[in-house]
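This report concerns only the one structure given below.
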Amino acid sequence: MFWTLVKLMSTDMSRSSTSVAFRSTLKRDLLIAFKKKNDIANPFMFFIIVVSLFPIAITPDGDRLAEIAAGVVWISVLLASMLSMDNLYRSDYEDGSLEQLLLSPHPLFFMVLSKNISHWLVSGLPVVVAAPLLAYMLSLPQEAYLTLIASLLIGTPILSLIGSIAVALTVGLGSRGLILAVITLPMSVPVLIFGTLAVEASVGVGSPAGYLALMLAMLAASLSLAPLASAAALRISIS
Amino acid sequence: MFWTLVKLMSTDMSRSSTSVAFRSTLKRDLLIAFKKKNDIANPFMFFIIVVSLFPIAITPDGDRLAEIAAGVVWISVLLASMLSMDNLYRSDYEDGSLEQLLLSPHPLFFMVLSKNISHWLVSGLPVVVAAPLLAYMLSLPQEAYLTLIASLLIGTPILSLIGSIAVALTVGLGSRGLILAVITLPMSVPVLIFGTLAVEASVGVGSPAGYLALMLAMLAASLSLAPLASAAALRISIS
Amino acid sequence: MSSSNPTATAVPDSENQQGAVMLSGNKLFCERDDRVLFQDLDFNLHEGEVMQLRGSNGSGKTTLMRMLCGLNDGYKGEISWYGASVSEQAGDFYHSLHYIGHRVGVSKVLTPVENLRWSCSLKSEVDDQLIEKTLADLGLRGYEESPCHTLSAGQQQRVALARLLINPMKLWILDEPFTTLDPKGVKQLEENILSHANSGGAVMVTTHHKLNIPGMNVLDLG
Amino acid sequence: MSSSNPTATAVPDSENQQGAVMLSGNKLFCERDDRVLFQDLDFNLHEGEVMQLRGSNGSGKTTLMRMLCGLNDGYKGEISWYGASVSEQAGDFYHSLHYIGHRVGVSKVLTPVENLRWSCSLKSEVDDQLIEKTLADLGLRGYEESPCHTLSAGQQQRVALARLLINPMKLWILDEPFTTLDPKGVKQLEENILSHANSGGAVMVTTHHKLNIPGMNVLDLG
Amino acid sequence: MIEAIQFSSFSEFLDMGGYAFNVWSVYGLFAVFIIANLWLPLNKRKQILREQKRRLLVNEERNITTDDKQQ
Amino acid sequence: MWLWFSKLGSPKWFYELSGKWLPWLVGAMIISMTVAVVWALLYLPPDYQQGYTSRILVVHVAVAGTSLAFFPLMAVAGTITLVWKMKLADMVAKNAAALGAWFSFITLATGSLWGSVMWGTWWEWTDARLVSMLFQFFLLLGVVSLRSALEDPDKAAKACALLSIVGCINVVIIKYSVEWWNVLHQPSSPLSVNSDSPNGPEFWIATIIMVLAVYLFLSISLILATRNEILQRERRAQWVQELVRNS
Ligand code: HEM
Ligand SMILES: Nc1ncnc2c1ncn2[C@@H]1O[C@H](COP(=O)(O)OP(=O)(O)OP(=O)(O)O)[C@@H](O)[C@H]1O
Ligand SMILES: Nc1ncnc2c1ncn2[C@@H]1O[C@H](COP(=O)(O)OP(=O)(O)OP(=O)(O)O)[C@@H](O)[C@H]1O
Ligand SMILES: [Mg+2]
Ligand SMILES: [Mg+2]
């Protein structure tokens, strides 16, 4: 859907096509991530470490863990996603690449979207992949696995898109790990609620389909609105 | 104790006294923190927000919350402390102040210690102050409050001191929110374990005194060793 | 040293201009923190013109350049591009602009080639051969595969400057492009600027040093 | 542009030296990423001497300076301070050294005065009056209360340079201190360097521009 | 009017039917909240005026002295 | 319309007009506040179920209801800031964020004090209103801390405007999602049961007067703070300097 949109936009532009710029930005960000390696490994490891703190701090007892498993996984995902957001625009800001992006002739919406997509591929996807393993460690009932993965697949991009706004707003600040959290966490509460409700529903009697549909709607809304807000925020921060 | 040590050191130095440099560094860092305001408010707010995610993600039921309260508070403290570490050397590195610190004629140990102290005052202490309120919201039994505060008072400086090593090691890296976590969190596990054990002991039959004594020993050890390691790490990172 | 009495005097001696007016400012006014940086500033940058922005530290050169690029909107007055307001023809304007600021826009982890592959593709499609040739011309042969954080300050600056030569754009806005360049590099950049102007482009450049560019105009911010 | 054939030639014309040898390098060798930056590099910096480090981009000037300060230990050879190894008398050495690098060491949130209060106190006790007077001398009157992030590039550089004048230290190592300074600022710094040398101090400085300092020596890294 | 008052004595009034702490804390907080949010801006106003007056005077003085120099 | 708008945007105009209005507003506030407080404390009959603690509700409901006005207010001000670049809107928004945080805090505190009597607990995660108010509080603090983190006032104005708009949407979403979540977790929330309790008409009249008083207070406090902001940001305008000189 977005590709067609991009294509559509690109026919309007006379000189250089937005779709080329979109793809080239995507490629570049993925390249940077692969070169740094840590960008990929770290959200993953952070997620694992945080999840494994719970059995240590709360209880090693499987049955009691099972009760809190869904919540623990989701909170850890939230924190991992939030921490990884820091990478999104910072180094580009510091070395001036962000200015170049703003001065490009293409709609900033697509440039931002491209950065968000590559960021999710690098930091959100690995976490989704790791989730079943951790769910197992926390003794989450088997029947909930599929829902967990589905809800994470839908939920993590929303978290990235929302986080992107906060990062864009704070990109010029020296130390912003915390202010980022303070802005992002309250905004992520709805995702957290529906994510855990979906997983819990698939354990109990209910059906998770309704929640997942709701999350899909949230995803669609944030895909179309959040990059706009991020783009506006970037323009504000750079000036 | 440290003041006497500092005084002692300072008599050795012929030209400018280490104690002056120590105090001036402390003053400067506190000044920066107060100017930024957020450095003080944010660890506090982050702590509160993260704690309040748990009832939402896990269960709003008071009795069940009480069971996990100690663990949740300690995990949140750990995360808040870790996130706030980011502030410790980053901006100094970026603007070159850290180089100036390394080139000062004073033992780096004390300079690092001074930075750690001011950092704890600004980010650790407010969290300790907020803890009882959150413990209430998580329905932690009343009898555990005192132990919780004591364990946090001893534990958070240890977390700061350990975190400082990791920050110092990663200070040159562009995006390190996560790598920091990956290094710090495993090292902080002992603190987490004894902290929660102490709180749980004060709820149940045991006595928390033993655990607290152990934590005090850890604090003493890390006060004398961690700054050394941080100093060495800084030298490595800068070169 | 910064003039506490902020009056800007635009002295474009408008004799040896060749082309049409490309970029112009009309009654520009800017203040920051209660200090008026410039007011009633007028200038016309013609096709084929090189204009040096001059002024003491803190006189507002960087600020003016960022205003012109649309990176700063805290000003009053009008900036126009071929006679019409910039904001009305942003597409055209940004398809014609190269800006190199204090932060050069070179990612530290990527190699010079990878950096240019991206930043040039924002303006037009490019091929690797041109990139590599340009890098070699700028004295970076042998560094194509080194990540940029291992390059010296001047070498990073050269990577950024390569953009000017790869994408042909009409307007160059360069904020202290000569810092960290060695004398050879300075000479080469001067030549590039001159030949760009001769082929009908326009250049606005700040530097605190004497430039060796014949026919250059000066805009003095005091 | 950077010489691909890295041979370093030290040409200190050792005639007009006044004092004892303060800092000297002996058979210094450094390579980075398999590129030899310099080898067999010898130099002597005397009391009262100003030495300009020269070389094309990427020739290793910054690297050498950081080595001398002890911020980089990836080298072979020996660096000595008044004839003995630096590491043996670090206390004395660091009590005599001012280093100003590419990153100037000025915190963005603090005001100029607050910045200097701290960074100068690392070397010796200072009083506010001296700080304020020096800032005024450097043209920063009126900016005492502005946080440094609102200062222009050149103004921030001046804040860093104020350290040189506040703490009297024997050895100045300055990495491109003239970038972003306007001509007036350049002249002033040249004068400061000269008078420092005349009073028995030593200065090592890099810059790509011609310096107007009589009796200056040049160390050429190629 | 007086008869409609719910309390027969002052101490009964203070006691609030056994919920003194809660009721009075709420009203206390409310009072602090309102007074603080009126007093703070008023106080700040005084401060601003004082500071700006001082600055104005200093500026005028400086202008006079620079005028002297120029003459 | 445009004329009116730009006139309203003029800080001078606002300063003068608000100066004229302030005495009336203050008078109205003092009267309504006194009536409401005296009525609530002295005359309100004890509720058969809640006893004298219904006196808490008069304050609580007024403050709680008012505190819901802040995000919409800030979002509107933010839109005006972003679209029309009107300085005045930002001056209002800046102070509204801090005042809104105060309001939210007082709502939470008075609610808790009420709850500690009626539910026997100070805090209850099962109530959507409490939880969403808590997150509104957090978001407002987020706006305040973003403002103080960004040093450049222009940038801060725009950034906070954007965050207020996003946050406004978000508060609504949080409210509904938490409500839903609670319905599923625990169908009967104590608050929803108790707030249906048959308070007498006196209670509601006292509350309505209190709501009026609190709104008046809100506008007075906001106007005072905005006037300060005007004095500060327009300090070089001729009329402000004259005003300062005459003060
Ligand atoms: C920390 C605790 C509490 C918070 C944050 C809180 C929050 C709120 C909010 C936001 C409102 C406004 C809702 C609206 O106007 O639609 C409100 C109204 C109200 N609250 Fe609370 N509340 C708390 C505790 C309580 C308690 C314990 C009670 C006891 C019954 C209570 C009773 C009421 C009543 C009766 C209303 C007015 C209901 C209405 O207008 O529909 N609140 N509260
Ligand atoms: N973010 C800011 N907030 C407030 N004032 C600023 C800000 N940035 C710059 N200024 C002020 O604007 C003035 C001009 O700054 P600018 O960077 O444009 O100067 P410049 O001419 O480029 O100087 P230099 O030659 O040192 O680079 C300075 O006096 C500075 O104090
Ligand atoms: N961290 C590093 N890792 C590997 N190589 C490096 C690193 N830093 C610098 N180099 C290499 O060392 C060489 C010298 O760099 P240096 O910064 O010392 O040059 P310079 O003489 O200061 O140049 P300039 O005039 O551009 O500042 C460069 O060729 C660079 O590629
Ligand atoms: Mg500049
Ligand atoms: Mg260099």
Side-chain angles (χ1 to χ4, degrees), chain A residues 32 36 38-39 41-50 52-59 64 67-76 78-80 82-88 90-92 94-95 123 173-182 184-186 188-189 192-193 195-197 200, chain B residues 32 36 38-39 41-50 52-59 64 67-75 78-80 82-88 90-92 94-95 123 170 173-182 184-186 188-189 192-193 195-197 200:
Chain A
I32 291 183
K36 286 213 217 144
N38 284 323
D39 281 3
N42 280 343
F44 186 83
M45 303 246 312
F46 176 81
F47 178 56
I48 295 178
I49 293 176
V50 170
S52 59
L53 290 178
F54 285 87
I56 296 175
I58 291 176
T59 170
R64 282 177 60 204
E67 287 175 13
I68 61 171
V72 165
V73 169
W74 261 102
I75 286 183
S76 309
L78 199 68
L79 293 173
M82 200 204 66
L83 267 178
S84 70
M85 291 318 290
D86 202 39
N87 305 345
L88 186 45
R90 159 164 260 160
S91 57
D92 285 342
E94 275 164 10
D95 63 29
S123 70
L173 300 180
S175 61
R176 42 180 207 153
L178 281 164
I179 190 164
L180 198 63
V182 170
T184 323
L185 287 182
S188 318
V189 167
L192 185 69
I193 288 177
T196 49
L197 278 179
E200 280 168 14
Chain B
I32 291 183
K36 288 212 216 144
N38 285 315
D39 281 5
N42 280 344
F44 185 83
M45 278 168 58
F46 175 82
F47 177 58
I48 297 181
I49 295 176
V50 168
S52 63
L53 292 180
F54 283 89
I56 289 176
I58 292 175
T59 170
R64 284 176 60 203
E67 288 174 14
I68 60 171
V72 166
V73 169
W74 260 102
I75 288 181
L78 198 67
L79 293 172
M82 201 204 63
L83 263 179
S84 70
M85 291 317 292
D86 202 40
N87 303 345
L88 186 47
R90 158 166 261 160
S91 58
D92 285 342
E94 275 164 9
D95 64 29
S123 71
T170 56
L173 303 180
S175 62
R176 43 184 206 147
L178 283 163
I179 192 164
L180 195 62
V182 173
T184 323
L185 286 182
S188 319
V189 166
L192 183 70
I193 292 177
T196 48
L197 279 180
E200 279 166 15

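Fair warning: this is a prediction, and the values are worked out from it, not measured in the lab.
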Heavy-atom closest pair, residues T196(B) and A70(B): CG2-O, 3.9 Å

Interface moiety of E200(B) toward chain A, non-hydrogen atoms closer than 4.5 Å: side chain

For G71(B) against I58(A), the heavy-atom pair lying closest together: CA-CG1, 4.0 Å

F47(A) to A80(A) - nearest heavy-atom pair and separation: CB-CB, 4.3 Å

Under 4.5 Å from any heavy atom of chain A - which part of I48(B): neither

Interchain contact, L79(B) with chain A, by part (heavy-atom threshold 4.5 Å): side chain

Side chain to side chain contact (heavy atoms under 4.5 Å, CB included) assessment of L180(A) paired with M85(A): CA-CA 9 Å; L180(A) 198 63; M85(A) 291 318 290; 4.2 Å; yes

Closest heavy-atom pair and its distance - S123(B), S84(B): OG-OG, 3.4 Å

Part of I75(B) within contact of chain A (heavy atom distance under 4.5 Å): side chain

Structural part of L192(A) lying under 4.5 Å from a heavy atom of chain B: side chain

